[in-house]
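Single-structure report; data block below.
Each chain gets a letter, A, B and so on, in the order the sequences are listed, and its residues count up from 1.
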Amino acid sequence: MAEKLDVPYRRRSSIPGISESGDRMVGMIVALTAQVAAMRERIDTLEALLEANGTLPPQAVELFVADQAASIRRDGLRADLISKVLQPVRDAVAREAQHRRGSSQGGGNV
Amino acid sequence: MSEGHALLPQASHDERAEQLFVRDLKSYVAATIEPLVSTTADQLDPGAAHNARAEETYRQLQQTDGFADYLALRRASQNLLWSLVSHSVERQRDALDAAAAAVPARGSLTLDPDFVQPAYLADRDVHLMPGGYARDPGGVAQGALMDRGGAVYMLGRNGGFLNDGRGWTLASHLKTRWPEHAPGRMLELGCGIGASTVPVALAFPDAEVHALDVGNSMLRYAHARASELGATIHFHQGNAEATPYPDASFDCVFTCVVLHETSQAAIGAIMKECARLLKQGGVVAHLEVPQRYDSIPLWTQVRGEIELDYNNEPNWKTAISADYAAHLAQAGFIDIETGFQDAARSATAGDYSAQSKGVFHSWFVASGRKPAS
């Protein structure tokens with residue numbers, strides 16, 4: 001099988017003042033933002049095509065108001081997204097709280 | 001309709017959006033973040049009397065949080081560029097190999113199975129391009145990666161998807177300095193995927209044009225690409241410091257932004273090799289980035305340190321500090337001039353003067369002639 005093109009490049013210098021994990025985090029954030037940008041552009045393309053085909057009147061998306069059922073569904077989607085994205089923070093504070101509670105009760109590590 | 005030329009890897013809807021995102025991210029880092037870091041650099045400037053002014057400023061900057069964030073973001077954007085383009089090329093790899101094989105070949109391709117790349121390329125991937133110039137993952141993939149990635153990297157400022165602005169500028173320089181010179185045989189050292197070789201070959205249709213570089217995959221792609229674009233070029237794998245061609249076999253030898261990707265020793269060696277390869281009266285021309293170390297702002301000098309450490313440019317500072325007139329004279333050339341050639345889009349004579357008009361508006365060119373006897 002042919003060698004994959006996307007391999008780690010050679011000679012990566014460390015950046016003073018930023019941890020390796022912090023550096024990786026920056027890399028992941030810009031990669032994620034690229035995916036968000038591509039997704040946003042795809043939605044824009046879909047809207048343009050739907051408008052051009054007459055399926056969607058101009059401004060239909062802007063004028064759309066979610067009904068109660070849609071609002072509830074969206075609230076759920078949003079809450080789910082927030083909880084998934086912020087899970088590492090939630091876990092960290094949960095461990096910290098557990099640890100402190102354990103310490104005050106003479107418990108061990110979490 | 002394909003972008004650039006028929007062999008250029010094409011982007012799907014989402015891949016195009018990703019690549020435009022990288023282009024705009026890099027523009028944002030350069031236009032919005034970098035001036036702020038530059039302001040901090042000015043505040044940390046130890047003064048013109050300091051004997052290592054840029055290095056000291058760089059050292060001081062490294063103590064600041066904002067600079068670390070800037071470096072991380074700058075490198076991440078470059079890393080992302082290659083990652084996204086790699087995935088796009090990977091998707092169409094078989095089709096690109098088939099398309100390259102289907103192009104009626106012009107010129108020739110000569111690979112060297114025993115070739116060993118120079119040490120200054122062996123320990124790093126220049127511009128962070130995965131695998132570097134010499135990698136051979138099979139077929140034309142590495143060349144395709146370099147072509148598409150290079151076009152995104154240059155942000156469209158060097159001739160769009162053809163990335164041929166430097167080649168036209170070099171041809172324009174030859175027409176400016178030696179309008180009567182009609183080279184029979186020409187050679188480009190460090191041709192890459194032939195982005196500059198093609199316009200030179202098209203500008204001198206009567207010349208037999210040769211081009212040399214280090215990578216098998218890159219050269220397979222360059223050969224097919226040049227054929228597709230209607231340029232007849234003979235590609236060879238080899239080291240620019242010690243090429244496989246006989247003495248006095250060319251009328252013109254040139255490089256385009258190659259010297260800053262070599263080493264201090266290699267610059268001298270390449271100058272001597274050019275003298276060996278040229279016939280009496282032959283012309284040598286080296287086109288380089290337009291920054292000259294002594295005349296650039298402090299921040300641009302500091303950025304040279306960054307290019308070395310975080311973009312794997314092996315020889316940036318040496319190349320922009322080098323005394324090319326002295327190098328050429330030492331190699332035996334005469335009629336030497338150094339200056340800035342206006343960026344060109346055709347092979348017509350243009351302005352060649354002592355003052356740079358700025359990045360992408362003019363290119364530094366050092367040229368001369370081998371004595372007639």
Write out the donor-acceptor pairs between chain A and chain B under 3.5 angstrom, atom names and distance to 0.1.
from	atom 1	to	atom 2	distance (Å)
E3(A)	O	R93(B)	NH1	2.9
E3(A)	O	R93(B)	NH2	3.1
E3(A)	OE2	R135(B)	NH1	2.9
K4(A)	O	R135(B)	NH1	3.2
L5(A)	N	E90(B)	OE1	2.9
L5(A)	O	R135(B)	NH1	3.4
L5(A)	O	R135(B)	NH2	2.9
R10(A)	N	D125(B)	OD2	2.9
R10(A)	O	D125(B)	N	3.4
R10(A)	O	N312(B)	ND2	3.0
R10(A)	NE	D125(B)	OD1	2.7
R10(A)	NH1	A122(B)	O	2.8
R10(A)	NH2	R124(B)	O	3.4
R10(A)	NH2	D125(B)	OD1	2.5
R11(A)	O	N312(B)	ND2	3.1
R11(A)	NH1	L308(B)	O	3.0
R11(A)	NH1	N312(B)	OD1	2.7
S13(A)	O	R75(B)	NH1	2.6
S13(A)	O	R75(B)	NH2	3.1
S13(A)	OG	D309(B)	O	3.0
S14(A)	O	Y310(B)	OH	2.8
D23(A)	OD2	R75(B)	NH2	2.7
Q35(A)	NE2	E18(B)	OE2	3.2
R42(A)	NE	D14(B)	OD1	2.9
R42(A)	NE	D14(B)	OD2	3.2
R42(A)	NH2	D14(B)	OD1	3.4
T45(A)	OG1	H13(B)	NE2	2.5

Self-check item: L73(B) side, atom CG; I29(A) side, atom CD1 - distance, nearest 0.5 Å
Solution: 9.5 Å
Self-check item: Gap separating the CE atom of M28(A) from the CG atom of L32(A), nearest 0.5 angstrom
Solution: 10.0 Å
Quiz prompt | Option that, when pairs with chain B are counted at under 4.5 Å, heavy atom only, ranks first among V26(A), I18(A), V7(A), I15(A) | solution = I15(A)
Exercise. Against chain B, work out which of A34(A), A37(A), A38(A) has the most heavy-atom pairs shorter than 4.5 Å and name it.
Key: A34(A)
Practice problem: Give the intermediate values and the outcome of side chain to side chain contact (heavy atoms under 4.5 Å, CB included) for residues F67(B) and I306(B). | Solution: CA-CA 11 Å; F67(B) 188 63; I306(B) 298 169; 3.8 Å; yes
Quiz item: Side chain, backbone, both or neither: which part of A144(B) has a heavy atom under 4.5 Å from chain A?
Solution: neither
Quiz item: So which part of L80(B) gets closer than 4.5 Å to some heavy atom of chain A, the side chain, the backbone, both or neither?
Solution: side chain
Self-check item: Any donor-acceptor pair under 3.5 Å from D67(A) side chain to A69(A) backbone
Solution: yes
Could you pull out the closest heavy-atom pair between [X] and [Y], with the gap in Å?
| X | Y | answer |
| --- | --- | --- |
| L8(B) | G4(B) | CD2-CA, 4.3 Å |
| A54(B) | V302(B) | O-CG2, 3.9 Å |
| V30(A) | G27(A) | CG2-O, 3.3 Å |
| V85(B) | G149(B) | CG1-N, 3.8 Å |
| A68(B) | P16(A) | CB-O, 3.6 Å |

Flag the one option from [options] with the top tally of heavy-atom pairs under 4.5 Å to chain A.
| options | value |
| --- | --- |
| G132(B), P130(B), A141(B), G131(B) | P130(B) |
| G139(B), G138(B), P137(B) | P137(B) |
| L25(B), L20(B), V22(B), L71(B) | L71(B) |

